[in-house]
Amino acid sequence: MLDPRFVTDNLAEVKAGLARRGFTDEATLDRLATLAQARRAAIAETDALREERNRESDAMAKVADKRSPEFAAKRESLRALGDRIKAAEEAARAGEAELDELLLTLPNLPASSTPDGRSEHDNVELRVHGTRPELAFTPRDHVDLGEALGILDFERGTKLSGARFVVLRGMGARLERALMQFMMDVHADEHGYEEVWVPALVKDSALRGTGQLPKFEKDLFRIAKDADWEKESEASGHELYLIPTAEVPVTNLHADEILEGDTLPRAYCAYTPCFRSEAGSHGRDTRGMIRQHQFDKVELVRFVAPEQAEAELEKLTSHAESILQRLGLHYRVVQLCAGDIGFGSQKTYDLEVWLPSQDTFREISSCSWFGDFQARRLKARYRPAPKEKPRLLHTLNGSGLAIGRTLVALLEQYQQADGSVLIPPALRPYMGGRERLVPGKLT
RNA sequence: GGAGAGGUGGCCGAGUGGUCGAAGGCAAUCGCUUGCUAAGCGGUCGUACGCGUUAAACCGUACCAAGGGUUCGAAUCCCUUCCUCUCCGCCA
């Protein structure tokens, strides 16, 4: 969420910034500025009226004779004042609702260090790590490999849950678990992240905090409820959704809190399942486990002071990269242009891993700096020093990494001519010492 | 699912219509004092918005779970909702 004050005071700058990401609806911004100003005027008015009422009421308290004519007269005039206050409050509320709505649907401003560009084609490749695996044969894709190995079972995934679900078997399931374990160990033990375990079902308020709601409800799975549940839940004023990423519960950890400055930065890592409806991506990546409705991910989240934020993004990205490096995977780092960064982000690096079968790099991690965009929604603040006024935190997050896609990349990059797949040394301790996946060998 | 209790500042905890943003204690912090692990004394010590300022301060308003109501005036009275805890039942 943008600061309404900042928007009114720097309208031209905000328009220009949002235009960089393709948001050219100036009328909405003008409306927002108007509403924000009106809101301030309304506050000033109601405050003044209330002040008058408070003053007069105090005076009445001091009148000894509560049955005197003067007392009755005062009471009458204050009753009228009370009505005026109510009317003023009512008027203020109307504009406020519209203002909040606009603020919640407005995307973040790109950082000055985010390059211009309209779409993913304008993203900037920053660096490439490693080299393409030399394969003396035509690479098979992970679906062929996985099915031949007996570790990926798409048919049964579909039987159980429909399209975009998979069952992992034997060493496939083991690999998923090994990757999760490996990533968490590296981040917790070496990168200084506090490991957290969080719910995979969250309230709509949490999703509003990180920005998925109200705009992107169609991408989420909201849990269906029977009649009783529905009744209770409506009454309780919140809906439950499956999380699309651990970013949601982990970032919301510090909603409505004020952290002490000397405890920053706060770094958390979490593994969770993630659930995405993938609405609007019909026909895209239908083959294989690149795009599933449910997948596991290890997520990194950092709460930092604004001054450190941009450097913190480099740090967080390097932590995610470190996983790819230890696994010996060929990848590149891409900086997203203003037209391609996510709704709440102001600067994003994507890590893309090489997939031989597709002869291309595919996203495996996205590391973003949100500025105070999420923090303002969340009311996540920090106190720079004792006694100082609280300020909004900056939040960052990134995948470290998407486990399903890591598994895909491993299969494809480490495939051998005979259909077996080498297990990179870093992962072997987590695979019971195994060095290789062999077709027909489930244990 | 059944029965009961309760939600006040970082924590504990007073407060049943005006003098309450809220006693007292703890924690924290600053200073003073005392030569001996420690204690004593004093000050400070919520947040947001508005106004204002270079920035503050000051000032105003709001907030005692949330929303609504009664009243000239609500932490206090009424209604609705949410949440927490305890016991029983069920359950990984």
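The chains referred to below are lettered A, B, ... by the order of the sequence lines, with proteins before strands, and numbering in each begins at 1.
- For the side chain to side chain contact (heavy atoms under 4.5 Å, CB included) test with Leu401(A), the passing option among Met183(A), Glu299(A), Glu321(A), Lys297(A) is Met183(A); the others fail.
- As a whole-Å value, the separation of Lys379(A) NZ from rC63(B) P is 17 Å.
- rC72(B) atom P lies 17 Å from atom CG of Leu49(A), rounded to whole Å.
- Distances were taken from every side-chain heavy atom of Pro390(A) (C-beta onward) to each of rG68(B), rA48(B), rC72(B); the shortest belongs to rA48(B).
- Nucleotide rC49(B) holds its P atom 13 Å from the CG atom of Leu103(A), rounded to whole Å.
- Whole-Å rounding puts the Leu392(A) CG to rA48(B) C1' distance at 12 Å.
- Taking atom C1' in both rA62(B) and rA5(B), one finds a spacing of 31 Å when rounded to whole Å.
- Remark: rA3(B) base-pairs with rU86(B). Criterion, Watson-Crick or G-U wobble with two distances under 3.5 Å.
- Rounded to whole Å, the distance from CD on Glu96(A) to C1' on rG67(B) is 16 Å.
- Side chains of Ser113(A) and Lys347(A): a donor on one and an acceptor on the other come within 3.5 Å.
- Counting heavy atoms from C-beta outward, Phe154(A) and Phe165(A) have side chains that stay 4.5 Å or more apart.
- For rG60(B), its base sits under 3.5 Å from the side chain of Asp47(A) at one donor and acceptor pair at least.
- Taking atom CD of Glu52(A) as the reference point, atom P of rG73(B) lies 13 Å away to the nearest angstrom.
- Spacing between rG24(B) and rC82(B) at atom C1', rounded to whole Å, works out to 31 Å.
- Atom name C1', nucleotides rC59(B) and rG52(B): the rounded distance is 9 Å, in whole Å.
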Distances under 3.5 Å only, N/O to N/O: pair up the protein atoms with those of nucleotides 15-21 of chain B.
| residue | atom | partner | partner atom | Å |
| --- | --- | --- | --- | --- |
| rG18(B) | N2 | Ser57(A) | O | 3.2 |

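- Of the nucleotides present, none pairs with rA57(B) by Watson-Crick or G-U wobble criteria with both distances under 3.5 Å.
- Between Arg5(A) and rG50(B) there is a side-chain polar atom (N or O) within less than 4.0 angstrom of OP1 or OP2.
- When the P atom is used for both rC11(B) and rG4(B), the distance is 30 Å, rounded to whole Å.
- Of all nucleotides present, only rG46(B) satisfies the Watson-Crick or G-U wobble test against rC63(B), with each distance under 3.5 Å.
- Of the candidates rA48(B), rC51(B), rU61(B), the closest approach to any side-chain atom of Arg50(A) belongs to rU61(B).
- Pair assignment for rU71(B) gives none, since no Watson-Crick or G-U wobble pairing has each distance under 3.5 Å.
- Atom name P, nucleotides rU76(B) and rA38(B): the rounded distance is 45 Å, in whole Å.
- For rU61(B), one of the phosphate oxygens OP1 or OP2 lies less than 4.0 angstrom from a side-chain nitrogen or oxygen of Asn54(A).
- One side chain, Thr395(A) or Gln374(A), offers a donor N or O that lies under 3.5 Å from an acceptor on the other.
- Across rC78(B) and rC91(B), the matching P atoms stand 41 Å from one another, rounded to whole Å.
- Side-chain contact of Glu278(A) with Ser281(A): a donor-acceptor pair under 3.5 Å is present, judged by distance alone.
- At whole-Å resolution of the value, CZ in Arg79(A) and P in rU71(B) are 7 Å apart.
- Using N1 to N3 plus N6-O4 or O6-N4 for Watson-Crick, or N1-O2 and O6-N3 for G-U wobble, each under 3.5 Å, rC26(B) pairs with rG10(B).
- Looking at heavy-atom distances under 4.0 Å, Arg55(A) makes no contact with the nucleic acid at all.
- Position along RNA chain B of the nearest nucleotide to Glu76(A) versus Thr46(A) favours Thr46(A) as the more 5'-ward residue.
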Start with the C-alpha gap between Phe216(A) and Phe343(A), add the side-chain angles, then the distance that decides, and say whether ring-ring contact (aromatic ring centres under 6.0 Å, His included) holds. CA-CA 10 Å; Phe216(A) 305 101; Phe343(A) 176 73; 5.2 Å; yes

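- Phosphate contact (OP1/OP2 of rU70(B), side-chain N/O of Lys86(A), threshold under 4.0 Å): present.
- rG17(B) sits 15 Å from rA22(B) when the C1' atoms are compared, rounded to a whole Å.
- Partners of Tyr268(A) under the side-chain contact (heavy atoms from CB on, under 4.5 Å) rule, at least two apart in sequence or in another chain, are Glu194(A), Val196(A), Val250(A), Leu253(A), His254(A), Arg266(A), Phe303(A).
- When Watson-Crick and G-U wobble pairs are counted only if both distances are under 3.5 Å, rC91(B) pairs with no nucleotide at all.
- Counting to the nearest Å, the C1' atom of rG52(B) and the NZ atom of Lys389(A) are 13 Å from each other.
- Taking only side-chain atoms of Arg53(A), from C-beta outward, the nucleotide of rU70(B), rA62(B), rG50(B) with the closest atom is rA62(B).
- Under the Watson-Crick and G-U wobble criteria, each requiring two contacts below 3.5 Å, nucleotide rG21(B) is left unpaired.
- For CD of Glu155(A), the number of neighbouring non-hydrogen atoms (other residues, nucleotides, ligands) closer than 6.0 Å is 12 at most.
- Checking rG46(B), rC51(B), rG60(B) against the side-chain heavy atoms of Arg40(A) singles out rC51(B) as nearest.
- Rounded to a whole angstrom, the distance from the C1' atom of rA75(B) to that of rA65(B) is 12 Å.
- When the nearest nucleotides of RNA chain B are assigned to Gly82(A) and Arg381(A) by heavy-atom distance, the more 5′-ward of the two goes with Arg381(A).
- Base pairing annotation: rC51(B) forms no Watson-Crick or G-U wobble pair, as no partner gives both donor-acceptor distances under 3.5 Å.
- Below 30°, between 30° and 60°, or above 60°: for His187(A) and Tyr193(A) the angle between ring planes is above 60°, a perpendicular geometry.
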Could you check Arg222(A) against Glu217(A) for salt bridge (Lys or Arg N to Asp or Glu O under 4.0 Å), going step by step and ending with a plain yes or no? CA-CA 8 Å; Arg222(A) 186 171 64 192; Glu217(A) 170 148 38; 3.4 Å; yes

